[in-house]
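One structure is given below, encoded as structure tokens.
All values below come from the heavy atoms of this structure, side chains included, with hydrogens, waters and symmetry mates left out.
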Amino acid sequence: NNDTEDEERLWRDLIMERVTKSADACLTAINIMTSPNMPKAVYIEDVIERVIQYTKFHLQNTLYPQYDPVYRVDPHGGGVLSSKAKRAKCSTHKQRVIVMLYNKVCDIVSSLSELLEIQLLTDTTILQVSSMGITPFFVENVSELQLCAIKLVTAVST
């Protein structure tokens with residue numbers, strides 16, 4: 001049983017290392033695109049869409065469930081609890097790697113708002129960005145992300 005727990009922990013560490021490296025790659029791409037005086041060839045639509053997909057996926061599947069218990073799925077299929085009951089049972093302790101990912105995603109969202117001020121994007125991309133910017137307002141305990149989302153929604157509106 002101890003070996004299984006160690007193996008599971010190592011597997012989880014490996015996955016989180018890859019997720020963190022992917023977040024770094026997204027941040028690097030966005031930082032390059034938002035640098036001053038960049039040529040138009042730098043704004044590759046596919047890269048922007050992949051960054052948005054990565055960010056939306058980890059917001060919905062990793063960060064929201066960690067910060068707001070209402071977004072958690074019960075793996076045992078237990079009874080349906082109200083959102084107040086779920087929040088009451090929640091612990092506020094977060095793993096260091098989750099906090100790091102949260103901060104990187106906040107930076108990505110903030111940088112996307114800067115990118116919107118620099119480069120025009122397609123309608124489908126704008127729809128993805130706007131949904132990503134509005135969703136944090138329905139999640140609790142993500143105040144930094146909500147501040148970044150305000151900036152993003154403002155950039156989309158302008």
side-chain contact (heavy atoms from CB on, under 4.5 Å) with T28: of I32, I30, N31, only one passes, and it is I32
Under 3.5 Å, which donor-acceptor pairs link side chains of residues 145-155 to any protein atom two or more places apart or in another chain?
{"from": "Q146", "atom 1": "NE2", "to": "P136", "atom 2": "O", "distance (Å)": "2.9"}
{"from": "Q146", "atom 1": "NE2", "to": "V139", "atom 2": "O", "distance (Å)": "3.0"}
{"from": "K151", "atom 1": "NZ", "to": "S110", "atom 2": "OG", "distance (Å)": "3.1"}
{"from": "T154", "atom 1": "OG1", "to": "I150", "atom 2": "O", "distance (Å)": "2.7"}

Quick check: does any side chain N or O of D68 sit under 3.5 Å from a backbone N or O of E140, one acting as donor and the other as acceptor? yes
Here the gap from R50 atom CZ to I48 atom CD1, rounded to the nearest 0.5 Å, amounts to 13.0 Å
side-chain contact (heavy atoms from CB on, under 4.5 Å) with M100: of T20, V19, V105, only one passes, and it is T20
Check: Under 6.0 Å from the CD atom of E7, do we count more than 12 heavy atoms belonging to anything else shown?
Finding: no
Problem - Any side-chain donor near an acceptor of the partner, K56 and S131, under 3.5 Å - result: yes
The reported gap from CD in E144 to CG in D107 (rounded to nearest 0.5 angstrom) is 11.0 Å
One should read off an interatomic distance between T4 OG1 and W11 CH2, to the nearest 0.5 angstrom, of 15.0 Å
Would you list the atom pairs, donor with acceptor, under 3.5 Å between side chains in residues 37-44 and any protein atom, with sequence neighbours excluded?
{"from": "Y43", "atom 1": "OH", "to": "M33", "atom 2": "O", "distance (Å)": "3.2"}

Residue pairs passing the salt bridge (charged side-chain N to carboxylate O under 4.0 Å, His left out) test with at least one member in residues 16-25, sequence neighbours excluded, are E17-K21, D24-K104
Between Y54 and C26, the two heavy atoms sitting closest are CD2-SG, 3.7 Å
Check: When hydrophobic residues are tied together by side-chain contacts of less than 4.5 Å, even through go-betweens, does I108 share a cluster with I118?
Finding: yes
Hydrophobic cluster membership, L120 vs I126, 4.5 Å side-chain cutoff
no
**Q.** Any side-chain heavy-atom pair of T55 and V109 under 4.5 Å
**A.** yes
The single option from H58, Q66, Q60 that satisfies side-chain hydrogen bond (donor to acceptor under 3.5 Å, both in side chains) with T62 is H58
Here the gap from E5 atom CD to R9 atom CZ, rounded to the nearest 0.5 Å, amounts to 10.0 Å
Joint hydrophobic cluster, L127 plus V156, side-chain heavy atoms closer than 4.5 Å:
no
ask   = Do Y67 and L59 touch side chain to side chain, with heavy atoms closer than 4.5 Å?
value = no
Requested in this report: Group every Ile, Leu, Val, Met, Phe, Trp and Tyr by side-chain heavy-atom contacts under 4.5 Å, then state whether V142 and F138 land in the same group.
Outcome: yes
Only one of D123, L121, I52 passes side-chain contact (heavy atoms from CB on, under 4.5 Å) with Q128, and that residue is I52
Subject >> Electrostatic pair R12:E8 at N-O distance under 4.0 angstrom >> reply: yes
| Any link between I98 and L14 through a network of hydrophobic side chains (Ile, Leu, Val, Met, Phe, Trp, Tyr) touching at under 4.5 Å? | yes
